[in-house]
Amino acid sequence: MTSPAEQSSGSAVLHPEMVAAEDTHAIYRDGHRLDHAEGASKPFRSQPEPQPRGAKVHGNRPINQAEAAARFIAAPEHEKMHDERLWDLRQKRDREMHHIPEWEQLRSLASAIKEHTLTHLDEYLDQFEANARANGIHVHWARDAAEHNRIVHGILSDHGAKSLIKSKSMLTEECGFRHYMASVGIEVTETDLGERIQQLDKEDPSHIVVPAVHKLRTDVAKVFADTIGTDPDNNDVHYLAEAQREATRPLILAADAGMTGGNFVVAETGTFVVCTNEGNADLSANVPKLHIASIGIEKIIPRLEHLAVFVRLLSRSALGSPMTQYTSHFRGPRAGGEMHVVLVDNGRSERLGLEEFWTSLKCIRCGACMNTCPAYRRSGGLSYGATYSGPIGLIIDPTFNARKYSNLPFASSLNGSCSNVCPVRINIHEQIYAWRRELVKRHDVPLVKKAAMKAAGELLSRPVAYRAAIAAADVALAHLPRFVIYNGLNAWGKHREVPHPPKHTFHSWYQANRGGKQ
Amino acid sequence: MRIGLFVPCYIDAFFPQVGIATLELLERFGHEVVYPRDQTCCGQPMANSGFNAECAATEALFVRNFSGFDYVVGPSGSCVHHVRDNFDAIEQSDEVKQVRARTYELVEFLHDILKVDAFPWARFPHRVGLHNSCGTLRRLKHAKPSELNEPFFSKPMDLLSKVDGIEFVMPARPDECCGFGGTFSVFEEVVSTKMGYDKVSDHARAGAEYIVSADSSCLMHQQGCAERIGVPLKFIHIAEILNGASA
Amino acid sequence: MTSRDDILASIRANLPRVDRPLPHVPLFDESPPPSLLSAFKKSLERMGGIFLDPPDTGDVLAPVRAKIASAKVVCSTVPEIAGNRDIARVDATQDLADVDFAIVRATFAVAETGSVLLSDTDLHVNAVAYLAQHLIVLLDPADIVVNLHHAYRRPEFRDRHYASFHTGPSATADIEGVLIHGAQGVRSLSVLPSPRTL
């Protein structure tokens with residue numbers, strides 16, 4: 001028998017209305033419609049709708065992710081497009097996985113290599129630094145975000161650089177880099193299309209791989225009309241992308257310096273590796289004479305042979321594409337150029353000491369956990385109000401600020417799909433669960449919730465009191481959901497019906513029908 | 001063998017027919033099934049919210065109730081997952097360890113321990129969509145999750161396919177979470193219910209008359225969602241079908 | 001203490017006290033495709049690249065000549081084809097901003113992914129491979145390895161300062177998943193199989 005779960009779900013989608021009838025601009029090769037890079041496997045089409053914005057951030061106060069997620073869901077065109085687009089990436093990932101018989105073995109190897117490296121992190125960083133220096137790379141070390149920003153500013157000042165082009169880097173988001181550069185008068189231009197859209201809209205990236213995935217084409221048309229002067233009535237995606245290329249190219253040619261991140265760092269050769277689909281990192285690195293790369297200390301791996309494992313997994317996990325269009329290896333400056341690497345800690349070495357959470361440092365920032373997460377797909381990445389959203393964000397963000405991000409580990413159904421797609425086998429859902437315990441221990445959860453849980457624990461451990469409380473089924477209905485309804489609102493019944501009370505509980509049926517038996 | 005029947009609190013209160021079907025089904029195979037009357041809950045609602053200390057007394061009560069059985073069997077994947085994998089608020093004595101190791105979810109008990117090969121009394125001539133709860137799918141490993149490149153297997157489908165007349169439908173996202181998630185269902189109620197709406201709509205579009213699952217908690221949530229948005233689906237626990245429920 | 005010392009000290013203080021040996025990585029080459037060139041072509045086309053089939057007889061470079069026939073600025077770094085922009089005379093990368101076609105030779109290619117490796121030695125000026133509107137790559141069919149595990153054993157990763165796998169052209173689908181070629185870099189990448197002439 002062919003089982004439902006084993007069959008391919010083909011082109012079936014949850015929201016058939018999102019699938020466009022035709023796509024006259026689709027690119028074909030040899031009769032096949034192409035869907036490499038972030039390309040969708042089928043044409044989608046949205047209807048215009050105002051863009052919902054992300055979480056409201058008030059200083060150090062806990063982010064209310066649920067509130068922002070509800071606003072995202074209240075914008076159905078955005079929510080449906082976001083959900084279908086990311087689910088499509090997950091489907092493409094599955095397709096790639098099935099082409100690689102050794103897939104699960106690669107995941108195990110990637111995990112083992114990362115765990116080995118992290119447990120010898122000092123040695124490998126030392127080795128990288130020596131090799132990189134020998135190749136002519138200037139290596140800097142930054143304890144935290146502020147020091148990173150100061151170091152980069154210092155390098156730019158030394159060269160009299162006033163403008164910087166850069167490729168996407170989650171680390172620079174983490175460091176509040178653009179904000180800092182603006183304050184010291186350096187003009188920064190993001191060159192990744194999605195990141196550029198977000199920069200022009202003064203909004204953070206919502207996803208670590210596809211930063212503007214929460215926006216519709218009409219949202220982008222509005223941003224571009226307001227900032228780079230495109231026709232506000234033209235929301236053709238090809239037109240918008242071309243307009244951005246034309247607007248950005250002169251900035252690239254005129255920039256004084258270029259900046260990239262780094263996906264991997266190879267200790268034995270002193271190499272760092274940057275993966276992009278647009279070639280924008282290579283423009284940033286190769287057009288200006290000065291190239292600065294900001295890299296988290298956890299990105300290191302021992303040898304070139306290990307790189308193969310990660311490169312094979314990265315884009316397949318992220319986008320269901322066999323490889324990023326560009327995978328570039330930087331081992332030293334080019335003739336006449338200068339190359340700097342800033343190795344950034346910013347909490348990573350401390351995270352290494354957290355017994356239950358240190359393996360989150362294995363993360364290679366592929367975003368597969370976000371694509372598969374059913375809660376993320378319906379919430380939008382900006383609802384998390386943090387640099388890292390989705391499942392990986394739930395376990396990383398609290399290490400930066402346990403109070404501000406204290407709600408995030410609860411924004412998960414603990415379904416575990418994230419752990420299964422993770423190319424480096426981080427037990428994400430178990431760490432989410434562990435963070436809930438940790439936050440309760442640290443008293444970073446609401447008191448009313450604690451009181452309700454304490455009361456539930458007391459009632460459930462006393463059979464007589466418990467039976468009295470739910471003696472009749474309709475009474476049970478009134479009491480039972482209170483295990484979970486600690487906020488005084490009937491959150492269960494707001495958007496769904498409550499269960500129909502049966503005539504009797506199992507307990508009373510058993511007493512009546514099997515009463516003599518114990 | 002002597003089996004302790006574990007009837008989780010919400011099944012006791014809202015789905016007594018699931019407890020009855022489980023009891024009768026296990027008895028059909030000739031085993032002594034005992035229902036310890038002082039049982040309440042496994043502690044999961046508190047543990048799931050991070051309040052581990054608050055479940056210690058409830059876990060201790062669970063062990064008192066279920067100590068000494070050859071097996072403890074319950075018709076709820078998420079509760080069994082808690083007992084087996086997270087039940088650590090109390091000291092892990094030999095007695096506690098033994099109870100935890102002997103606790104089984106009904107489907108895996110029928111499939112792996114009893115190795116049932118026929119349900120001659122069961123007939124269910126309906127189109128069903130199978131919902132594997134995340135607890136059974138990814139923790140108890142009832143079936144191969146779609147994320148993994150491993151050989152296909154499905155214990156609930158193995159069992160259900162022995163039922164006369166049953167027909168499976170295929171939703172677009174067969175093993176996507178339905179959004180229940182324990183306290184998630186109220187903490188993030190808008191996201192939770194949106195996931196529920198999508199889940200029941202997906203099954204309905206695939207042509208299901210029933211959604212069948214080994215977890216009544218998911219079904220309770222999905223039913224509430226289906227009724228709210230007017231999706232005409234019926235919901236049934238796998239124990240009821242295997243015990244011969246006709247509809 | 002310097003930041004470097006601080007960070008390394010903090011790492012040492014926090015290192016997990018667990019034993020995690022470095023695993024052996026196999027080459028995963030037990031069942032190679034019958035033809036590396038055909039496998040490469042298939043992978044390249046999936047990734048949006050263009051495979052230029054050389055004619056059976058006559059001028060093997062004819063497909064390249066046809067492509068560049070109406071181009072204004074052609075920058076070639078290969079002896080087989082002459083361009084009209086001499087890369088040796090390029091002072092600043094900005095001088096390459098108006099290049100229509102760049103023609104380069106790949107160091108080697110990877111059948112698994114359809115990638116060609118371009119390094120600083122092949123490019124002379126790295127930026128030419130990104131600033132040009134279109135890129136044409138000559139590849140010796142003898143220079144194709146089966147997969148990335150073999151690729152990373154190549155010496156270029158130990159002796160070049162810059163080496164980049166190009167797997168199709170510049171691409172994006174950041175807006176609603178609509179695939180666009182030429183997001184920032186080249187709008188097309190074509191590969192012509194052409195043995196090296198010594």
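Hydrogens, waters and symmetry mates play no part in the numbers below; they use all other heavy atoms, side chains included. All chains are named by letter (A, B, ...) in the order of the sequence lines, taking the proteins before the strands, and each is independently numbered beginning at 1.
You'll find the ring centres of C/Phe165 and A/Tyr326 outside the 6.0 Å limit. Between C/Tyr152 and A/His306, the gap from one ring centroid to the other reaches at least 6.0 Å.
In terms of modelled atom types and a separation under 3.5 Å, the side chain of C/His149 and the main chain of A/Ala308 share no donor-acceptor contact. With hydrogens and angles ignored, the 3.5 Å screen pairs a side-chain donor or acceptor of C/Gln184 with a backbone N or O of A/Thr191. Here the side chain of C/Arg158 pairs no donor or acceptor atom with the backbone of A/Thr269 at under 3.5 angstrom. At distances below 3.5 Å, not a single donor-acceptor pair connects side-chain atoms of A/Ser328 with backbone N or O atoms of C/Ser164. Judged purely by atom type and a 3.5 angstrom limit, A/Gln325 uses its side chain to pair as donor or acceptor with the backbone of C/Thr167. Counting only distance, with no hydrogens or angles, the side chain of A/Asp122 and the backbone of C/Arg12 share no donor-acceptor pair below 3.5 Å. A/Arg245 places a side-chain N or O within donor-acceptor distance of the main-chain N or O of C/Gly182, the cut-off being under 3.5 Å.
With a 4.5 Å cut-off on non-hydrogen atoms, C/Leu131 touches chain A through its backbone and its side chain both. Looking at A/Ser41, there are no atoms closer than 4.5 Å to chain C (heavy atoms on both sides), in backbone or side chain. Only the backbone of C/Pro21 has a heavy atom closer than 4.5 Å to any heavy atom of chain A. Both the backbone and the side chain of C/Val186 come within less than 4.5 Å of a heavy atom of chain A. With a 4.5 angstrom heavy-atom cutoff, C/Arg160 touches chain A only via backbone atoms. Looking at C/Ser115, the atoms closer than 4.5 Å to chain A (heavy atoms on both sides) all sit in the side chain, from C-beta outward. Neither the backbone nor the side chain of C/Arg153 comes within contact range of chain A, judged by heavy atoms closer than 4.5 Å. For C/Leu27, no part sits under 4.5 Å from any heavy atom of chain A, backbone or side chain. If you measure heavy-atom distances from A/Ile137 to chain C, you find no contacts under 4.5 Å at all. Neither the backbone nor the side chain of A/Glu84 comes within less than 4.5 Å of any heavy atom of chain C. Looking at C/His150, there are no atoms closer than 4.5 Å to chain A (heavy atoms on both sides), in backbone or side chain. A/Glu246 touches chain C through its side chain: at least one heavy atom from C-beta onward sits under 4.5 Å away, while N, CA, C and O do not. Heavy atoms closer than 4.5 Å to chain A are found nowhere in C/Asp120, neither backbone nor side chain. Only the backbone of C/Asp159 comes within less than 4.5 Å of a heavy atom in chain A; its side chain stays farther off.
Taking every heavy atom of both residues into account, C/Glu45 and A/Arg29 meet most closely at O-CG, 3.4 Å. Nearest heavy-atom pair, A/Leu253 versus C/Ala97, reported as atom, atom and distance to 0.1 Å: CD1-CB, 3.6 Å. Nearest heavy-atom pair across A/Arg85 and C/Ala173 is NH2-O, 3.4 Å. Here the closest non-hydrogen pair linking C/Leu15 and A/His120 is CD2-N, 4.4 Å. Among all heavy-atom pairs drawn from A/Glu350 and C/Asn14, the shortest one is CA-ND2, 3.8 Å. Taking each heavy atom of A/Leu109 and C/Pro23 in turn, the nearest pair found is CD2-CB, 3.8 Å.
Here the side chains of A/Leu343 and C/Ile7 are not in contact, with every heavy-atom distance at 4.5 Å or above. A heavy-atom distance below 4.5 Å is not found between the side chains of C/Ser43 and A/Met323. Between C/His181 and A/Ile27 the shortest side-chain heavy-atom distance falls below 4.5 Å. The shortest distance between side-chain heavy atoms of A/Asp282 and C/His166 does not fall below 4.5 Å.
Within 6.0 Å of atom CD in A/Glu355, 12 or fewer heavy atoms from other residues, nucleotides or ligands are found, so the atom counts as exposed in its surroundings.
Salt bridge annotation for C/Arg4-A/Asp126: present, with a cationic side-chain nitrogen under 4.0 angstrom from a carboxylate oxygen. Checked for salt-bridge contact, A/Arg45 and C/Glu176 miss the test: no charged N lies under 4.0 Å from a carboxylate O.
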Query - Derivation and outcome, side-chain contact (heavy atoms from CB on, under 4.5 Å), residues A/Val287 and C/Tyr130 - result: CA-CA 9 Å; A/Val287 174; C/Tyr130 308 95; over 6 Å; no
Requested in this report: Show the numbers, then the answer: is there a side-chain contact (heavy atoms from CB on, under 4.5 Å) between C/Leu123 and A/Asn286?
Outcome: CA-CA 12 Å; C/Leu123 298 169; A/Asn286 287 314; over 6 Å; no
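Residue with the most contacts toward chain C among A/Glu268, A/Lys289, A/His32: A/Glu268 (heavy-atom pairs, distance under 4.5 Å).
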